[in-house]
Amino acid sequence: MSRIFSGVQPTGDLHLGNYLGAIRNFVGLQDDFECLYCVVDMHAITVWQDPELLAPHTREVAAAFLASGIDPTDSIIFNQSQVTAHAELAWVFNCVARMGWLNRMTQFKEKAGKHRENASIGLYVYPNLMAADILAYKATHVPVGEDQKQHLELTRDIAIKFNNDFGAEFFPVVEPLIFGEATRVMSLRDGTKKMSKSDPSEYSRINLTDGADDIAGKIRKAKTDPGELPGTESLTEDGRHIDAEIERTRPEAFNLLSIYAALSGQTIAATLDQFAGSQFSSFKGELVDLSVSKLGPIGAEMQRLMAAPDHVDQILHDGANRAAAIAAPVIKEVHKIVGFLGA
Ligand code: AMP
Ligand code: TRP
């Protein structure tokens with residue numbers, strides 16, 4: 001049986017990258033699979049979070065899930081810290097994963113930067129907790145943006161090593177689900193950098209709660225180049241992707257075109273065909289209209305939900321109870337496999 005798990009950190013300012021790379025893809029999976037969508041507050045505190053803001057930021061992610069179309073009576077929406085299984089299994093995985101594996105993680109290197117000695121231990125073992133999130137439910141498929149690929153490789157390695165070490169065919173080897181036309185949305189100011197909430201420039205990203213004027217202003221100011229828009233000659237032979245070499249020459253143009261494709265629901269090929277030879281000014285006008293029409297209602301619904309925190313809190317609480325019921329027998333079995341003495 002297939003089961004979907006994914007997580008988003010409540011670190012504030014959810015942006016278009018989170019939406020197109022992850023949250024939007026969560027919605028369609030609900031029809032065919034049992035899905036768990038988690039606000040990973042324990043991951044968030046691997047770097048400092050203001051305690052006053054953590055709960056509102058947790059509600060913001062839950063509100064984005066709901067406003068995007070995740071149905072809480074069907075899928076399970078909850079926050080990580082309300083289900084103890086995550087921390088329990090993470091400890092066992094701290095004892096399965098090897099230092100050498102974690103030393104290779106590029107996200108740790110990026111986030112720790114030059115001050116490696118000063119990074120929290122939590123940031124270092126972050127991928128072990130992520131493996132625990134997924135495997136506490138024996139989830140088989142994980143929808144994420146491109147940047148999480150390496151972490152999911154590690155989840156696979158942990159599952160395989162656990163199964164080998166204990167001679168048990170217990171954990172599934174998970175498959176990443178990285179799909180859509182915008183699996184890696186880039187900054188609007190610099191097409192070589194990922195769109196990210198840690199970018200100091202507000203103009204680098206479109207936040208999901210931005211109003212129409214902000215969206216329009218950010219797109220109009222987005223960096224471009226002097227050329228006309230490229231066409232289908234930029235595609236790979238199969239006609240389905242942008243050729244990586246060509247993309248490198250005009251990263252901002254291809255980023256905006258990929259955003260258009262993803263928001264419109266059409267392929268990148270159809271989008272290139274539509275705008276080939278156009279000027280950026282007219283294309284940007286179309287992108288503004290599309291973005292406002294797709295993101296405006298989501299932002300408005302998020303604001304409405306965040307103004308009613310009790311409702312969102314109840315959904316998270318119910319979700320946590322349902323999630324805990326799925327994880328409990330898995331944790332019990334892990335204890336048995338490891339050899340812990342217990343009831
Ligand atoms: P985070 O906010 O780091 O918890 O990320 C939540 C989800 O959004 C993950 O699945 C990420 O892969 C995805 N994501 C974050 N930034 C981007 C981006 N710039 N482009 C595409 N996906 C992204
Ligand atoms: N590491 C993910 C990110 O930064 C968030 C995350 C935590 C996650 N646990 C997860 C994603 C489990 C998928 C599955 O985006």
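Nothing here was measured: the structure is a model prediction, and the numbers come from that model. Read the numbers this way: they start at 1 and go in the same order the structure lists the ligands and their atoms.
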* Asked: In the protein, what heavy atom is nearest to atom 2 (O) of ligand 1, and what distance, to one decimal place, separates them?
  ->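 The closest one turns out to be K197 NZ, 2.9 Å.
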Those atoms of ligand 2 less than 4.0 Å from some heavy atom in [X]:
X    : value
V144 : 11 (C), 13 (C)
H43  : 7 (C), 9 (N)
Q9   : 4 (O)
V40  : 7 (C), 9 (N)
Y126 : 1 (N), 2 (C), 3 (C), 4 (O), 5 (C)

* How about H151 and F108: are their ring centres within less than 6.0 Å of each other? -> no
* **I134 and ligand 2 - part of the residue with a heavy-atom distance under 4.0 Å** => side chain
* For atom 19 (N) of ligand 1, which candidate among V142, D199, V185, L16 holds the nearest heavy atom? ->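 Considering heavy atoms of V142, D199, V185, L16, the nearest to atom 19 (N) of ligand 1 sits in V185.
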* Does some non-hydrogen atom of H15 fall short of 4.0 Å from ligand 1? -> yes
* Asked: Based purely on interatomic distance, does A182 place a nitrogen or oxygen under 3.5 Å from a nitrogen or oxygen of ligand 1?
  ->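 Such a contact does not occur with ligand 1.
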* **N or O pair under 3.5 Å between D133 and ligand 2** =>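 Yes; at least one N/O pair falls below 3.5 Å.
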* To do: Write down the atom of N79, the atom of Q82, and the distance for their closest heavy-atom approach.
  =>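 Closest heavy-atom pair between N79 and Q82: OD1-NE2, 2.7 Å.
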* To do: Using a strict 4.0 Å cut-off to heavy atoms of G21, name the atoms of ligand 1 that fall inside it.
  =>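 Heavy-atom distances to G21 below 4.0 Å select 21 (C), 22 (N).
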